[in-house]
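Positions are given from 1, in the same order as the sequence printed here. Numbering of ligands and ligand atoms starts at 1, following listing order.
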Amino acid sequence: MKHFLNLIDLTTDELSHLLAEAARLKDAHTRRIPSHSLSGRVVGLVFEKPSLRTRVSFESGIAQLGGTSLYLPGNEVGLGWRESLADFARTISNYLDALVLRVYRHETLDGIASTGSIPVINGLSDWSHPCQGLADILTVRELFGTETGRTIVFVGDGNNVARSLAVGCGRLGMRFVLACPIGYGFDDRFKAQYTARVSPDFPREVNDPIAAVRGADVIYTDVWTSMGQEAEREERLRRFESFQVNADLLSKAPSHCKVLHCLPAHRGEEITDDVMDGPACAAFQQAGNRMHAQKAVLEWLLK
Ligand code: CP
Ligand code: NVA
């Protein structure tokens with residue numbers, strides 16, 4: 001039974017396969033070539049947190065492949081409190097062919113994947129966001145022809161999105177640099193996992209965003225306060241103040257540098273309007289790529 005829980009679980013070959021398939025599916029979509037690869041399959045989407053991109057891109061992608069999706073709000077399903085994760089997983093495995101989950105605690109995904117009998121896809125947890133990471137690398141490949149050798153400077157929090165992208169970069173020959181305030185870098189658990197399973201060369205962490213972007217092919221940012229961290233918002237606004245991706249920071253990067261953001265953007269916080277709406281920003285191309293990347297994941301798990 002294959003799952004899609006963390007990019008670190010995939011080999012370089014598997015990631016390369018998914019990227020190639022995502023590009024093929026994108027081309028087929030552009031040329032309106034019909035597909036029935038998920039015909040007769042039903043995929044459930046259980047979301048404990050809000051979403052625009054993940055939910056809609058999965059639901060549309062599943063429909064385009066001839067499958068059916070079923071949205072199940074987390075508060076109705078009651079993962080772990082209405083019934084145990086194992087009872088939920090064993091029950092729902094009878095009805096569905098795969099399950100996409102967006103959860104607060106990553107352990108919820110592990111609990112369902114290990115007790116159910118259908119593939120589980122991580123649609124974001126507090127630990128990682130592998131669907132995002134895959135779409136991010138697809139976008140870098142489109143922007144530069146190849147991702148190999150490119151430098152991504154992530155300006156912001158060492159969070160779920162940063163972890164997945166760092167792993168993807170490590171597997172596919174890209175450099176990943178994290179520019180963050182002291183105390184908001186990658187934690188020891190991630191360092192141990194990365195060095196054991198990806199590479200002994202752990203991504204560089206710096207606390208000066210201006211110095212960091214000098215060699216950037218891509219500047220990447222995400223919200224300073226992730227879903228579930230709302231109580232820390234005021235403190236984070238203060239700590240991240242000098243890590244805003246604005247015209248001044250972008251002017252310190254090479255002229256070919258692109259800007260990515262997983263979205264939703266908190267304009268005026270981690271990124272300014274002029275950068276979001278400027279020519280360097282490819283965040284909406286990146287958002288579009290979520291759907292193609294996830295279609296590749298669904299076919300990989302279900303075909
Ligand atoms: N980037 C992303 O996952 O967006 P949503 O939270 O809208 O799904
Ligand atoms: N780091 C953000 C990503 C949102 C797509 C969060 O977890 O809220």
- Near Asp222, which atoms of ligand 2 are under 4.0 Å from a heavy atom of that residue? 1 (N), 2 (C), 3 (C)

- Quick one: is the NZ or CZ of Arg239 closer than 6.0 Å to the six-membered ring centre of Tyr184, and within 45° of its axis? no

- Item | Distance from atom 2 (C) of ligand 1 to nearest protein heavy atom, with residue and atom | Arg290 NH1, 3.3 Å

- Query: Between His129 and Asn122, does any side-chain donor sit less than 3.5 Å from a side-chain acceptor?
  - Reply: no

- Less than 4.0 Å between a side-chain N and a carboxylate O, is that true for Asp87 and Arg82? no

- Message: Any nitrogen or oxygen of Arg55 lying under 3.5 Å from a nitrogen or oxygen in ligand 1? Just yes or no.
- Response: no

- Distance-only N or O hit between ligand 2 and Ser226, under 3.5 Å: yes

- Any donor-acceptor pair under 3.5 Å linking the side chain of Asn246 with the backbone of Leu249? yes

- Item | Nearest non-hydrogen protein atom, atom 3 (O) of ligand 1 | His129 NE2, 2.8 Å

- Are the charged groups of Glu230 and Arg233 less than 4.0 angstrom apart, N to O? no

- For ligand 2, which part of Asn160 has a heavy atom less than 4.0 Å away: the side chain, the backbone, both, or neither? side chain

- Task: Give a yes or no on whether a salt bridge exists between Glu147 and Arg150, defined as a side-chain N under 4.0 angstrom from a carboxylate O.
- Result: no

- Query: If you measure every N/O of Cys262 against every N/O of ligand 1, is any gap under 3.5 Å?
  - Reply: yes

- Item | Heavy-atom nearest neighbour in the protein, as seen from atom 7 (O) of ligand 1, with distance rounded to 0.1 Å | Leu52 N, 2.7 Å

- Message: Can you report which non-hydrogen protein atom sits closest to atom 4 (O) of ligand 1, along with the distance?
- Response: Arg53 NE, 2.8 Å

- Message: How far is atom 4 (C) of ligand 2 from the closest protein heavy atom, and which atom is that?
- Response: Leu124 CD1, 3.8 Å

- Among protein heavy atoms, which lies nearest atom 8 (O) of ligand 2, and at what distance? Met227 N, 2.8 Å

- Message: Using a 4.0 Å cut-off to any heavy atom of Leu263, which atoms of ligand 2 qualify?
- Response: 5 (C)

- Item | Carboxylate-amine/guanidinium proximity below 4.0 Å for Glu21 and Lys295 | no

- Task: For residues Val120 and Leu109, determine if any side-chain heavy atom of one lies less than 4.5 Å from a side-chain heavy atom of the other.
- Result: yes

- Note on the structure: the protein heavy atom lying closest to atom 6 (O) of ligand 1 turns out to be Arg102 NH1, 2.8 Å

- Item | ligand 2 contact by Thr54, heavy-atom criterion under 4.0 angstrom | no

- Considering only NZ, NE, NH1 and NH2 on the basic side and carboxylate oxygens on the acidic side, decide whether Arg197 and Asp9 come within less than 4.0 Å. yes

- Message: With a cutoff of 4.0 Å, is Leu263 in contact with ligand 1, counting heavy atoms of the residue only?
- Response: yes

- Do Asp187 and Lys191 sit within salt-bridge range, that is, some charged N less than 4.0 Å from a carboxylate O? no

